Amino acid sequence: MFTGSRRLPGLKRSVRDPGAFIRLARSNLELWANLVIIAWAVTFAILQGTGFAITLGTVFAIWAILAVSLNLVVGFTGLLSVGHIGFFGIGAYTVAVLTSNASYEQLRTEAIPTFGWPFFAALPVGVVLAGLTAVAVGVVFNRFRDDIFVLVSFGFAIICFNVFLNARAVTRGAFGIHEVAKPQIGGWVFDDELSFLALAVVFLLVVVLLSWFIVTSSFGRVLTAIREDERATEVFGYQVTHYKLTVWVLSAMMAAAAGGLFASWTTFIDPNSFVLLESILLVSIVILGGLATIWGSLLGAMTFVLLEEGMRFVPGLPDQYVGQARQVVLGVLLVLLMLFRPQGLLGRYRL
Amino acid sequence: MRRRSWLSLRSSKRTWESSDPAGPIVNDMEEQNGPSAITRENGSSADAESEPLDGPFILEMVNVSVRYGAVSALEDASLGVRKGEVVAVMGPNGAGKSTVLKGLMGLAPVVSGQVYWRGERLTSATHEIVKHGIAFVPQGRRLFTHLTIEENLEMGCPYLRDRAEVRRRMDSVMELFPVLHQKRRDLASQMSGGQQQMLALGRGLMADPELLLLDEPTLGLAPNIVKEVFHTIAVISDRLGTTIMVVEHNIKGVLDIVDRAYILDTGRIVFEGTPTAVRETNILAEVFLGKVQQAGPDEQ
Amino acid sequence: MSSAAEGPTPYALETVDVRKHFGGVHAVDGLSIGIPRGEITCVVGPNGSGKSTLINLLSGMLPLDGGLVVVDGVRLRVVKPHETPGLGVTRTFQDVRLFDQITVWDNIMVVLTERRLLPSLFERPRPGQRERTEQILRNVGMWEKRRSLAMDLSYGQRKLLEIGRAMALNVNTYLFDEPFAGLFPQMLERVKEIMRQMRSEGRTILFISHNMDIVRELSDHLIVMDSGRLLTEGDAEEVLAQPEVIEAYLGV
Amino acid sequence: MLRFAAYREGQGRILAAALTTAAAAYVVWKIAESPDQAVQFAFNGLSVGAVYALLALGFTLVYSTVWFFDLYYGAAAAMGAYGVFYLRTSETVGGNHVNNPYVSAVFALVVAGVIAWALHESLFRRLERRSNPTTLRAASGLLAATAGIYTGFVLTNPDHLHMLLSPAAGVTVAVAVGGVVYGVLQRLFVGTAAAPLLIISAIAGCVVGAYCGLLVAGAPGSRLYLSWIVSCLVAGAVGVALYRGLYVYMRQRARSPLIMLVASLGVLLAITAATAIVFESAPRPLPRAFGSDSWALWGGNIKGFNVFTVGVAIAGFAGLLLLLKKTALGRTIRAIGDDEEVAKVVGINTTVVIAIVFFIGAVFAAAAGLLSGHDTAIQPRMGLLLMLKGWIASVVGGIGNLYGAVVGGFALGMVEQFGIWDLAGEWKDVISFLILILFLSFWPRGLLPRG
Amino acid sequence: ADEPTPTPTAAPTATPTPVPPFKIGVMESLTGPGETYGTVSNQAKQLAIDEINAAGGIDGRMIELVVEDSKCSAQDAITAYRKLTDVDGVKIILGTSCSGAMLGAAPLAEADGVVLFSGLATNPDIAEAGDYIFRTAMSDAQLGIDTGNLLWADGIRTLATITEATDYAEGVRRSSVARFEELGGEVVAEERYPSDITDFRSQLTKLFNADPDALHIAAQAEFSGGTIVKQSRELGFDGPIYSEVVPVGATALEVAGEAATGLKAVTADLDPANRVAQRVLQDFRARYDYVTLPWYLGSAYDDVYITAECLKRTGDDQDADGFRDCLYDITWSGAIGENYSFDDKGEVVGLSNLVVEVLPLSERTEENQGYRVLGGAPTP
Ligand SMILES: Nc1ncnc2c1ncn2[C@@H]1O[C@H](COP(=O)(O)OP(=O)(O)OP(=O)(O)O)[C@@H](O)[C@H]1O
Ligand SMILES: Nc1ncnc2c1ncn2[C@@H]1O[C@H](COP(=O)(O)OP(=O)(O)OP(=O)(O)O)[C@@H](O)[C@H]1O
Ligand SMILES: [Mg+2]
Ligand SMILES: [Mg+2]
């Protein structure tokens, strides 16, 4: 809010103090980060052809929804949750189960009831279901803070994965669910890549606006206060648990929406897409982009997608190492960020 | 010869547990004066003022600037302490008093300037500085809360191998603050704020320092204990020649016991002089008023 | 207790046989006191006599082990911290607790905003709130620091900000835990002035201090605690002249 | 004795007590129903519990000193296990050597760096006043380089581990024996001049050391067990290097432990992925250690190796307890756990002490990793999983409490087994996490909270 | 194919060709749960492609493989698929090695008219996945029926099963158990385990407590298969153990060691009399210094040759429809069998499974793969 005026004295001082000049340059890192990443994305899109760029755009939109929603919890409220992938999974599975029309008559695979709902009917159900789960989970998790919260949220991610894997009567377990329906409005089906991208971006916009609305409100300010000192916030008359629960549920619902999109986009889901590691990567994205900044999360998601896909094109890197190499790069990035810029690429707030 | 130690304050009832050559000498001194003889109210500081100490600084800070990120907490500050002196550092909140002490101890990000100890540059890390004989009691009674009180005191001189000496120092501290003796097996976290402050002070004394840096030693203490602390400071300095640098807000109390005072305002040293001078010039009020005038327009 | 009491009792706050122990330590041990409405009450006592614990109990930061707290005639066995402002009570902390990584400005704003969930989502800073924030920040001398993060302040500045934050909450009873500790004399004046002004607005103040000058000057009513119990109470000068108080607390 | 953290309201405590009783009753009923299975479960629980306890011990030590969850800890567990694999592939399944010069070089560099730093902190600091700094720097550089090259040699020639390590083993034993003998002699002959005692103990140390060295050199079978030591030490060295190279700088500036948590998350991600690149991501077995045959006992079966693991856990616990409670170093460690800055202020070289803590922690993790690797198998992601288990165990036991760590470790091991008695085994993780969450709701500070 | 040039990404061999090479996509699970399969399959394909190219390609045109990692996950298969089709412009994709990944990419391929041709994906659902989806891997359906028959024939009446929670293993277990129960057998206890665990003792303890006649293992990873066998014996179980394919893989047998002796499995195996098969194994060992999953290796190898044959017939790597029709037409004899072809669902017909029994440790050699063949699966 006050960034502009804060810089001015620095400029004045830099005339007689070279150190201040370096600091000034460094304080523009945000700008550089923005420019570099966007330029990278554009170059990538141009080089790789529109088809692939559209695919990546959709992947980005989904990750970005997740990152923005998680930032509400991690960055603004200060609850370092590693369990977000669970809500993503709940959304995805609900949409998959409700919309799939696949016939599983064959003897060899597990059959589950099919409903054949349209996507836009199933999605709200998934979102609400995730919300309800979040309420139940949140009531319990509200007791925990800091490290313990991290631990139990790890637990939540693992529990969710196991439920997806083992509740075979609903999820078909390891078989996964096929033929998830594409979104459809009236007669208009979003079954080509471009229209799906458009839909995903609309979702992303809605999520971003909603998040922006939340964090600029008084509600958002209370969240940051809770992040800083929960007990002291209580003394000023805020029922902290309600605030935490509300933002937790909202964030879970956004993640579930992303999950629904994801299921519909891939048309097939199985538990492997909802493993703990993905959740950890998601937290990394949020931290990479910057805590308590929405634009940062977008940038973080962008970086992540570019890293993931860009790695495929690194010369001399054998294909089987692409996935791992991406993790190595991400890990090293995290370390460097924490070392030199603990607030992330764009953030103000430090962990 | 071994320099005189504040430890000699301990009453003569207890016997020396080691064959420390300094023992008998100190003991003698004690008997001459007796613990009650050193009880000295305000008047004594006047002696110190009448014959101001002279000679080179044993600790000197030259043009030190400290910066926390964009905040400049100390700018070109130069100050020094002579051997045996008690020096106060005063100033409004946020003036940089704590920063001065932290800068001396290597705990603050010093961006320019030097610190000299006995004429040599002091560049080492904090834990090395301590070995030169400087002890620091930080602001806000920071203790090892999961150690017992005894262990906390022992931590005051972690590298002292001579158990008997440790014991003796501990006894002396406990004599100074009897409550510590009562609770010696309790965890430090189980004490009230004031008791914790005593423990912090005691831990600093355990190092048997040549220079003692105290950051608000009376913060949150009950009046009787405040008196005791000031008294102890006066005694340590006066009788044993321990050099002391103290940051205080309790101006009335501190001006009575110090030889000199530095006054800081917004990171600069604005005044240096004897307590009398401070009282006469009414500098403290000026500093404060100046600040108020500054605060009027925005600092953009 | 000559003040014009409007409520059913002359007390803004009362404790009835309140108890709190930590392991074997009886920090507050059957304490029954009353804080007169519209006056400045001071609690003094040796270190570790349970003063901070008392405030913690009154504000719900610690659960009661026994006894009652009576706020404005409402008898409470369980004090929930988030309900205390509703009952007209707020506090500061001995170890200052601010919202470190948000600005000084927002630290005050947090207190001024809507308490209900849904409306708070739709609330943006209103001019009234802005003015109030500015007024408070100027009052505690922190206006020029409004854009720094609270964690970048010095000890005393933090203390002032915390007092300001409590002031922002427009309640009847303020509990200040050592508001004067670590403050520069002229800042002391300012805080004293703030307190006097609060009193003149008819608010009740309870504060802890070890600074006898201030206690004498400011307090209408003095409570002396020792080992979790009430040692004596009454007018400051009289109480401070009592021999047991001198022995337990003031020293000779 | 169990001290339960005071829970807010009475009902909570009653509920918790009821749940505990119900759980106990359930277990008793089950045991009565099928004692054989109970015995087997207990054995299984004991053997995994020992690993968890080891993990929890190191975890709790590190955590209660630096107050952040060092996720490198997980990577250390994996490194311990993969170190053995790396050194002993010729004895493992697949048979193809993974010996990779880059990997060896990296670790050689790390070891050299750590040694250089250690020398700098110990010798250099002390001799600073007396001799020429350049000489000292050169000397410590030389020593460190030698150590690095030696490490590189050891790592690239795992088939000659016994030969290469015999001098090191000999020297270590010699020093240890010499020290012990000297201590004993000093006690026995109080007042005797130091010199003769010193000579006697030196001779004793040298003789025993030389004998041990020869013994090791002549026993190729010792290679496996030497590789344990090597990988533990290397994992420890990496821990120290990380602390000195990363965390120190972060701690200087950081306002929150979460920064280090995230940085170490980065370290864990990177090391896990790098492990998967070098060793492939499929699980691998470690070579057969002793005690791989199972004994039938009271209707169950248990391997000798599992008993050994339990022994290691208990020994580790006793060692740590002695260190923390009885030695000055231990007191220092606890003090740093309370307030690092003040520890510096009173004159403690906190960087060195914390580095030692990290070393010990990483060694514990590595030991746990390789023991569990021998018992079952290794895979790159094992680090994350083991770390989670160690974390849970230490939280359940009460962070910062060694007794708690051991209790928590074994408790977790048992819960994992008995929890799935009536449920399908695939719910194992779900059960243990549900129990964890339930437990934390009632005892947020663990069974035996610190202080 | 003698020169050991382990090129990770296939580059056409030395001889420069004026015509651009045929571009064929490959999706394999190079990382993730299907890593072993993906890697072996990829290596076999490289072997075949290098042979073909060294022999002059297809009428002088080389074949180039573009490899992507599908990580055994549907989502990654989709991104890999998109990358192959959009960036590299391929119309024919060999792969993938995991059924899950295959089923993820199949609807897209079907919609785009891209041929997906797998040598390893065994999920029965793949039969229904579409017109452009083919495989030389046999569906799990048959494997399960054979196991059920075998169990019954061996006099097993009560069974305990332990199953890896993956689509493949679940599928195999279901079909085996269905057949076994159809014949009158009873499953007295069943357990599942997630792919990443290495300690199966608690599950096994429960299984053995039910006192079954035999244990049935359905594993996807060789490692877990081998470990289960080992840990079963450690826990004192001495009944017979049955399984399919995976636990008799080379790695599994090494992990299990002596404990595996007597283990019976239904598996597809390369015929020792098949000269192509033996040559492929030999070449593979010479080039990569190991052999595992020989049948799947052979299947991947055959896929490349079938592809080459069809490319020869169509002469265009962009003509997916022609390629598809070619596959429906073709009858092939290669490493995994003689005269096999594809039915109208793209399923392979003309191949069959064998029953094998693991030999004692001392008798296992590289040649016999550690087991002896007992013959075809029994029919009741
Ligand atoms: N860690 C820090 N980061 C940023 N700014 C800081 C930090 N510590 C102190 N400051 C700033 O430096 C200035 C001097 O602080 P210092 O603690 O030295 O004040 P002080 O004179 O001791 O005040 P007090 O009497 O309130 O303790 C203050 O303006 C404070 O805001
Ligand atoms: N969290 C705690 N755990 C254990 N004991 C405590 C705790 N808090 C306070 N105590 C004990 O309770 C007693 C009263 O403490 P309290 O902080 O209320 O004292 P106080 O009157 O505020 O003292 P001071 O003037 O020094 O701040 C002390 O003996 C202290 O040791
Ligand atoms: Mg200060
Ligand atoms: Mg207090």
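Residue numbers begin at 1 in each chain, while the letters A, B, ... track the order of the sequences. Since the structure is predicted, the reported quantities are computational estimates derived from the model, not experimental observations.
Aromatic rings from D:F68 and D:Y247 are positioned such that their centres are separated by under 6.0 Å.
Only the side chain of D:L384 comes within contact range of chain A, with heavy atoms under 4.5 Å apart. Looking at A:F161, neither its backbone nor its side chain comes within 4.5 Å of chain D, counting heavy atoms on both sides. Using a 4.5 Å cut-off between heavy atoms, A:V163 touches chain D through backbone and side chain atoms alike. With a 4.5 angstrom heavy-atom cutoff, D:V395 touches chain A only via side-chain atoms. Contact of A:L281 with chain D is made through the side chain alone, with heavy-atom distances under 4.5 Å.
Your options are D:T272, D:L438, D:V430, and the one with the most heavy-atom pairs under 4.5 Å with chain A is D:V430. Among A:V152, A:I148, A:I158, A:V283, the residue with the largest count of heavy-atom pairs under 4.5 Å with chain D is A:I158. Per-residue heavy-atom pair counts under 4.5 Å with chain A were compared for D:L246, D:L268, D:I271, D:T275, and the maximum is reached by D:L246.
Between A:F87 and A:F156, the angle of the ring planes lies from 30° to 60°, which puts this pair in the tilted group. Using a 30° and 60° split on the angle between ring planes, D:F69 and D:F59 fall in the tilted class, from 30° to 60°.
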Under 3.5 Å, sequence neighbours excluded: what are the donor-acceptor pairs made by side chains of residues 328-337 of chain A?
none

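In this structure a side-chain-to-backbone donor-acceptor pair under 3.5 Å is present from D:S264 to D:L71.
Evaluation of the side chain to side chain donor-acceptor pair (under 3.5 Å) rule for D:D339 yields B:R142 as partners, not counting sequence neighbours.
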